[in-house]
There are 2 protein chains.
Amino acid sequence: MAIKDKGTEQLIKDTAKRIFFAEGKLHSTTQDIANAAGVSRTLLHYYFRSKDQLINIVFKDAMDELGSRLDNVMDADRPFKEKMENLIDVFVTEAMAFPYQETFLITEINSANSVIYNEYKTAKLKSFLKQIESEMVAGNIETMNPIHFMMNLFSLMAYPLVMSPLYKQFFKLSDKAFKNLIIERKKLICKMIFK
Amino acid sequence: MAIKDKGTEQLIKDTAKRIFFAEGKLHSTTQDIANAAGVSRTLLHYYFRSKDQLINIVFKDAMDELGSRLDNVMDADRPFKEKMENLIDVFVTEAMAFPYQETFLITEINSANSVIYNEYKTAKLKSFLKQIESEMVAGNIETMNPIHFMMNLFSLMAYPLVMSPLYKQFFKLSDKAFKNLIIERKKLICKMIFK
DNA sequence: ATAATGTTTTACAAAAATGTCAAACATTAA
DNA sequence: TTAATGTTTGACATTTTTGTAAAACATTAT
């Protein structure tokens with residue numbers, strides 16, 4: 001009942017997101033979600049009509065959230081390097097809380113018979129790619145296809161968190177030690193992508 | 001019937017791996033797998049007794065495969081940089097064919113009540129981390145915790161392929177264009193991890 | 001107070017996924 | 001050939017998961 005009273009609907013959604021994005025339990029049933037939320041499973045149907053609907057809403061939310069997170073940082077009217085530092089901080093912090101958000105999206109896309117997911121606004125992306133190119137011309141970052149630059153950036157931020165269960169055991173790291181490594185990475189990534 | 005006659009058991013396993021690792025359809029049912037293999041679903045029980053058993057075997061195979069792939073490259077008695085070039089080539093090529101292998105592993109680990117997965121041989125890892133440190137001392141690569149070095153390396157190789165459905169649409173890339181980018185990355189990654 | 005509306009639960013129904021069994025079929029060995 | 005063994009399938013049973021309906025409960029407005 002604790003968090004419950006911001007509304008049951010929101011509670012169910014948040015619980016589903018926690019299970020999928022934070023815990024990475026992609027095979028969870030409606031019963032699992034209801035239990036974790038401490039409500040009856042029927043409520044899930046009352047508010048979302050079907051499991052598919054709930055998944056669709058969670059999916060859409062995640063896509064939108066991903067999009068607007070990118071927007072916020074790319075928009076900001078600040079020097080490029082500062083923007084990148086900010087992006088890395090925001091993104092890694094979010095990824096620490098919800099490491100499997102993108103994994104969930106990809107799995108849904110791959111599993112779906114036909115998913116409709118949003119087109120991303122081209123203008124904003126193009127302008128951002130241009131900025132990256134300018135930085136290359138200015139000699140601040142290595143010259144390459146700016147798409148590579150973006151893929152490198154996201155890879156370095158996201159992948160270690162996705163892999164954390166394997167990395168923790170492979171490198172014999174405690175939760176705490178692993179968390180510290182990830183925090184270290186914020187600066188490390190910055191060093192890596194700038195000359 | 002085409003690939004069928006290296007034995008039905010192998011066919012089923014290979015089909016399961018294709019569906020999970022190549023297509024990323026992590027929610028597939030036994031029926032899905034049987035259909036894709038062109039056999040009756042009962043055969044899957046005849047050879048593997050239960051879905052869980054099949055999953056366990058596929059899981060174990062994937063873990064072993066991952067382990068021995070690492071071994072092969074780390075063992076090789078060659079100069080460090082050459083070893084890394086080889087590792088990147090082997091790993092990226094494999095990841096192009098089976099981009100979701102690690103995602104599958106992680107999802108299984110997270111979903112399982114209690115998974116037993118192999119301890120990795122410590123000796124080999126330690127010696128490899130030492131080699132990385134030597135390269136840092138020699139000034140060939142940037143100084144950092146060698147675990148970061150390894151995480152960087154795997155991130156840069158694996159993550160873009162995991163994300164390909166999103167990247168293709170975000171960057172408006174055809175399958176072919178995307179594939180070319182990935183091949184480009186082999187050299188790019190090498191440049192990034194060496195000074 | 002009570003009607004109207006919204007929320008939650010219980011009990012049940014339906015569908016989907018997994019598992020079993022026995023019979024049909026194929027292959028090999030005696 | 002035919003018994004023995006291994007493979008495959010179809011029909012059925014069980015379990016798991018999802019979905020529905022009606023009643024109980026709560027809240028709000030009149």
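Throughout, protein chains are lettered first and strands after them, A, B, ... in sequence-line order, and every chain is numbered starting at 1.
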- Note on the structure: Checking Lys130(A), Met136(A), Glu135(A) against Ile132(A) for side-chain contact (heavy atoms from CB on, under 4.5 Å), the one that qualifies is Met136(A)

- Should Tyr46(B) be listed as having a side-chain N or O under 4.0 Å from OP1 or OP2 of dT8(D)? no

- For Leu44(B) and dT9(D), what is the distance between atoms CG and P respectively, to the nearest whole Å? 12 Å

- Query: Would Asp32(A) and Thr29(A) count as having a side-chain donor-acceptor pair, cut-off 3.5 Å?
  - Reply: yes

- Heavy atoms under 4.0 Å, any strand shown: does Tyr47(B) hit a base, just sugar-phosphate, or nothing? sugar-phosphate

- Answer yes if the ring centres of Tyr100(A) and Phe104(A) are under 6.0 angstrom apart, and no otherwise. no

Distance-only criterion, 3.5 Å: show the donor-acceptor pairs between side-chain atoms of residues 186-195 of chain A and protein atoms not counting sequence neighbours.
| residue | atom | partner | partner atom | Å |
| --- | --- | --- | --- | --- |
| Lys186(A) | NZ | Asp89(A) | OD1 | 2.7 |
| Lys186(A) | NZ | Thr93(A) | OG1 | 2.9 |

- Interatomic distance, Leu43(B) CG vs dA11(D) C1' [rounded to whole Å]: 15 Å

- Item | Value in whole Å for how far the P atom of dT17(D) lies from CG of Asn35(A) | 11 Å

- Item | Length of the CD-P vector between Gln31(A) and dA16(C), whole Å | 19 Å

- Query: In terms of side-chain heavy atoms, does Glu184(A) have a donor or acceptor partner in Asn180(A) at a distance below 3.5 Å?
  - Reply: no

- When you check the gap from the basic side-chain N to the acidic O, do Arg18(B) and Asp14(B) get nearer than 4.0 Å? no

- Note on the structure: note: Leu26(B), atom CG; dA17(C), atom C1'; distance rounded to Å ~ 17 Å

- Does a side-chain N or O from Thr8(A) land closer than 4.0 Å to OP1 or OP2 of dT7(C), or not? no

- nucleotides 19-26 of chain C: protein proximity per nucleotide (B base, S sugar-phosphate only, - neither; heavy atom, under 4.0 Å): BBB-----

- Item | Euclidean distance, atom CD of residue Gln53(A) to atom C1' of dT20(D) [Å, nearest integer] | 16 Å

- Heavy atoms under 4.0 Å, any strand shown: does Ser40(A) hit a base, just sugar-phosphate, or nothing? base

- Query: Below 6.0 angstrom between ring centroids: does that apply to Phe171(B) and Phe178(B)?
  - Reply: no

- Euclidean distance, atom CD of residue Glu9(A) to atom P of dG6(C) [Å, nearest integer]: 14 Å

